[in-house]
Amino acid sequence: MTTTVLGYPRIGSDRELKRACESYWKGDIPAAELDSVTSWLRRTTWQTLREAGIDAIPSNTFSNYDHVLDTAVLFDLVPARFATIGAAADTDDREAELRRYFAMARGADAAPPLEMTKWFDTNYHYLVPELTPHTRPRLAGRKPLSEYVQAKGLGIETRPVLVGPLTLLMLAKPGAEAPEGWQPLELLDDLVACYGELLDQLAAAGVSWVQFDEPILVTDAGQAALQELERAYSRLGGATQRPSIAVMTYFGTVGAQALDIFKQMPIEGVGLDFTTPETRSDLVRVSGLGGKTLFAGVVDGRNVWRADIPATLATLSSLLGLAGEVVVSTSCSLLHVPIDLARETELDPVLRERLAFARQKLDEVGLLGRAMAGDATAENELERARARAAQPTPKSFIDSRVRARLESLGGKDARPDYAQRSKEEIAKLPLLPTTTIGSFPQTSKVRSARAAHRAGRIDDQEYERRMRAEIDRVIALQEDIGLDVLVHGEPERNDMVQYFAERLDGYATTKHGWVQSYGSRYVRPPILYGDVSRPSPITVGWSTYAQSRTDKPVKGMLTGPVTMLAWSFVRDDQPLGDTARQVALALRDEVTDLERAGIRHIQVDEAALRELLPLREKEHSDYLEWAVGSFRIATSGVADSTVIHSHMCYSEFGRIVSAIDSLDADVTSVEAARSHMELVDDLAAAGYRRGIGPGVYDIHSPRVPSVAEIETSLRAALNGVEAARLWVNPDCGLKTRSYADIEPALRNMVEATRRVRAELGAR
Ligand SMILES: CN1c2c(nc(N)[nH]c2=O)NC[C@@H]1CNc1ccc(C(=O)N[C@@H](CCC(=O)N[C@@H](CCC(=O)N[C@@H](CCC(=O)O)C(=O)O)C(=O)O)C(=O)O)cc1
Ligand SMILES: N[C@@H](CCS)C(=O)O
Ligand SMILES: [Zn+2]
């Protein structure tokens, strides 16, 4: 059996891509130097795959920023506002090309960037192509070809990877000029013609296989577009001189109907995700794929647990006969996991033994391939894998006290009914209370203090002194601006999930396990491996210090259970809901300790509540039940006068408005600046009657909103919600911004609030 992977991390083991891009953006290095780093990154990746014995190596999986953006640029799906960027006479072609590319990603002067949103239910974010009926797709670039040629020059034959036409169009959005009701999918035939031209080009260069990624097929929307799938690939497959085509699906099962269509389509290969149990039964139901090659995604590409090799071999054996050739593969690109476990020398060996990062997953794929081929060199490794698979869960992963406590919690997840709660803390605030979401800019001073502390160059006391100095400054600034509910600014946090994970039992964190979140922004997702508990208070010291510096209330600031799971690698030996409830219990302890220490407002961020919503509607209610339930466990241990806040961002909330209400928080702040306050109407329609802080400006842009703009947003909000329930805040935390942006923006926000209050006859 031969082997492949659907893609590999592109950031470099020392974050070379981040450093090169950020230097280029600052003007510290020219385009040629950026290109030479990226050329090296590609070469290193292909060589790693080859040395690991992977038979079919993918190319065009590299991207300077995002692979969806690459595909949009490849087919000239470039909104008019970027058309002239980089066209100045003094720039060479490559500078011009990169300037326009990065302008689409990050914005430039008067051209706001493309919108960014999450890639299915992962923590990777892509740029959303904007299309209109006037968009004229054309093959405008050579990236897949150039990468193929680069690899070939190194003696490595590769399989170019493309975002497929259905997924590309279904992830795109209609541009502002598109008429009401027009959908990007209307461009399918034009776009498919361009893909056809590209296939001709690749065939002429000697490419034998091309990979089309169509993960959209695992969603309800993709299922509704199976006719378009058939139309697109019948046309692409109809060409006489072309490489073999493999259509890859991942992040779930595509269902029997899609498999039936695949079976009939004039393509040569299909990739299926076998990490969900349904896929195999669907395949059996349609009695296989005929003679097509099956790329069997048996090694989980988005989690960090070692594969269960004996069980996976059984799955692979059960696929024999259901297709032509079976190729051992990963379930999706390895983009979503850290690069190399070998660098994590400080991880507990008992845990480390159970993990596989991207490099180790190559070995797993290789071993499975050799084992299925009956290769004798696999025997010793197989023996070890069998022994490992038979091992019980280590005792150190189990905490019976946590389990007993959860069981005994019973109905203790309910506060008194919201309408009956004391509103005395809120009554102390002016009408339209102003606040922020929690973080203030993570300045280089703060980050380098943390780096120095980590490296042992400064001790705990000095680190605490510097963080307290930062808190002093943030509190003084908020008082000066005139905000009503203050925050400590979160300077001590490297990341809103990792920070807590570092302080909870049952969680491990990595030193080098970076994963791309978007562009040059990476995260190190912690690993939740065992029963979770909180050995000691986490935020109480920082919050009480901040409260001691002001007479105004300071909000305590925690990350909620769903978000702790969404942005971590989570154990897969029990239902997610059970794990979420354990995290919730640990947070409940923190919430009650904050309250006991005199903190009267406590915010529990559930930034990822919408993000973790399953791709298929039939799974929504189960998910929302445990998501809401765990939030309530975390927050229901307080007195009824304590104000519980929640915050959500990065989301279209339409489908979860009633769940937001069920969280039972007193106040919820949400991203709304970019959706023009539509959320307020949605919430009102769903019967939401609590405090609401629809973000009045978009913190993702460096633009400073004017007083008038914010007043307009507030008035729009007041159309849907009575003033007594409206809070005023930006739409997310300020950690990625600079003080130069946020200070005038917050001053304008407070001024706009004062004006609207005056209109309402309030102070
Ligand atoms: C809100 N978002 C988040 C998501 N997931 C998370 N886990 N966290 C999130 O906040 N998913 C959805 C979105 C995605 N958005 C972002 C936004 C910003 C970042 C980001 O800025 N990432 C940083 C790394 C953050 C971090 O871990 N910082 C650490 C270590 C920093 C570091 O590299 N230090 C240097 C030395 C620095 C110095 O001397 O000044 C080093 O160690 O070499 C810290 O601050 O301590 C990034 O740089 O990419 C991510 C997702
Ligand atoms: N409290 C966090 C929430 C981000 S979603 C922050 O302000 O950064
Ligand atoms: Zn947010």
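Just the heavy atoms: all of them, side chains too, but no hydrogens, waters or symmetry mates, feed the values below. Whatever order the structure lists them in is the order used to number ligands and atoms, beginning at 1. As the structure is a prediction and not an experimental result, all values here were calculated from the model.
- Each of the atoms 49 (O) of ligand 1 lies under 4.0 Å from some heavy atom of S520.
- The N/O atoms of R19, backbone and side chain alike, include none that comes under 3.5 Å of an N/O atom in ligand 1.
- Contacts between A608 and ligand 1 below 4.0 angstrom, taking non-hydrogen atoms only, are absent altogether.
- Of all the atoms in ligand 2, the ones that sit under 4.0 Å from a non-hydrogen atom of H647 are 3 (C), 5 (S).
- At under 3.5 Å, a nitrogen or oxygen of R454, whether backbone or side chain, sits near a nitrogen or oxygen of ligand 1.
- Within the cation-pi definition used here (under 6.0 Å to the ring centroid, within 45° of the axis), R473 qualifies as a partner of Y739.
- The pair K26-E22 does not meet the salt-bridge criterion, since no charged nitrogen lies less than 4.0 angstrom from a carboxylate oxygen.
- Proximity to G733 (heavy-atom distance under 4.0 Å) selects the following atoms of ligand 2: 6 (C), 7 (O), 8 (O).
- Of all atoms in ligand 2, listed by their number and element, those nearer than 4.0 Å to a heavy atom of G438 are 7 (O).
- Counting heavy atoms under 4.0 Å from ligand 1, residue W514 touches it through the side chain alone.
- At a 4.0 Å heavy-atom cut-off, ligand 2 touches C649 through the side chain alone.
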Item to check | Steps toward ring pair (Phe, Tyr, Trp, His ring centres under 6.0 Å) verdict (H336, Y250) | outcome: CA-CA 13 Å; H336 308 288; Y250 41 86; 7.9 Å; no
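- With a heavy-atom cut-off of 4.0 Å, K118 does not touch ligand 1 at all.
- Side-chain polar atoms of S63 and Y101 form a donor-acceptor pair below 3.5 angstrom.
- Each of the following atoms of ligand 2 lies closer than 4.0 Å to a heavy atom of A607: 5 (S).
- With respect to D495 and R524, no salt bridge is recorded, no charged nitrogen being found less than 4.0 Å from a carboxylate O.
- At a 3.5 angstrom cut-off on N or O pairs, K18 counts as close to ligand 1.
- Side chains of W305 and L355 form a contact here, defined as non-hydrogen atoms less than 4.5 Å apart.
- Among the candidates Y126, Y518, W119, the single residue satisfying the ring-ring contact (aromatic ring centres under 6.0 Å, His included) test with H67 is W119.
- Here V523 has side-chain heavy atoms under 4.0 Å from ligand 1, and that is the only part of it that gets that close.
- Counting heavy atoms from C-beta on, the side chains of I426 and P433 never come closer than 4.5 Å.
- Looking at R521 against ligand 1, both its backbone and its side chain come within 4.0 Å, counting heavy atoms.
- For the ligand labelled ligand 1, residue G733 lies outside the 4.0 Å heavy-atom shell.
- Using cut-offs of 30° and 60° for the angle between ring planes, the F102 and W25 rings count as perpendicular.
- With ligand atoms numbered from 1 in the order given, ligand 2 contributes 1 (N), 2 (C), 6 (C), 7 (O), 8 (O) to contacts under 4.0 Å with heavy atoms of E490.
- Residue contact check for ligand 1: A607 places no non-hydrogen atom closer than 4.0 Å to it.
- Minimum-distance N/O/S atom of H647 relative to the Zn ion (ligand 3): NE2.
- Atoms of ligand 1 lying under 4.0 Å from at least one heavy atom of Y518, given by number and element, are 15 (N), 16 (C), 17 (C).
- For ligand 2, the atoms lying closer than 4.0 Å to a non-hydrogen atom of D605 are 1 (N), 2 (C), 3 (C).
- Expressed to the nearest 0.5 Å, how far SG of C332 lies from CZ of R302 amounts to 6.5 Å.
- In this structure the side chain of F500 never reaches within 4.5 angstrom of the side chain of T563, judged on heavy atoms.
- Within the listing of ligand 2, atoms 4 (C), 5 (S) sit less than 4.0 angstrom from a heavy atom of C732.
- Angle SG(C649) to the Zn ion (ligand 3) to SG(C732): 110° [nearest 10 degrees].
- Checking R19, R343, K511 one by one against D14, the salt bridge (Lys or Arg N to Asp or Glu O under 4.0 Å) holds for a single residue, R343.
- Residues E470 and R466 are not paired through a salt bridge, judged by the lack of any N-O separation under 4.0 Å between the basic side chain and the carboxylate.
- Relative to atom 25 (C) of ligand 1, the option among D495, N494, N123 with the closest non-hydrogen atom is N494.
- Close N/O approach between S444 and ligand 1 is not found [any backbone or side-chain N/O within under 3.5 Å].
- Within the set R524, E492, R450, the minimum heavy-atom distance to atom 30 (C) of ligand 1 is found for R524.
- E490 and K735 are not joined by a salt bridge, as no carboxylate oxygen comes within less than 4.0 angstrom of a charged side-chain nitrogen.
- Judged by the shortest distance from any of its heavy atoms, K735 lies inside the 4.0 Å radius around the atoms of ligand 1.
- Residue-to-ligand polar distances keep H125 apart from ligand 1: every N/O pair is separated by 3.5 Å or more.
- Ionic pairing of E709 and R703 is present here: one or more N-O contacts between side-chain nitrogen and carboxylate oxygen are shorter than 4.0 angstrom.
- Donor-acceptor pairing under 3.5 Å is recorded for the side chains of S669 and H647.
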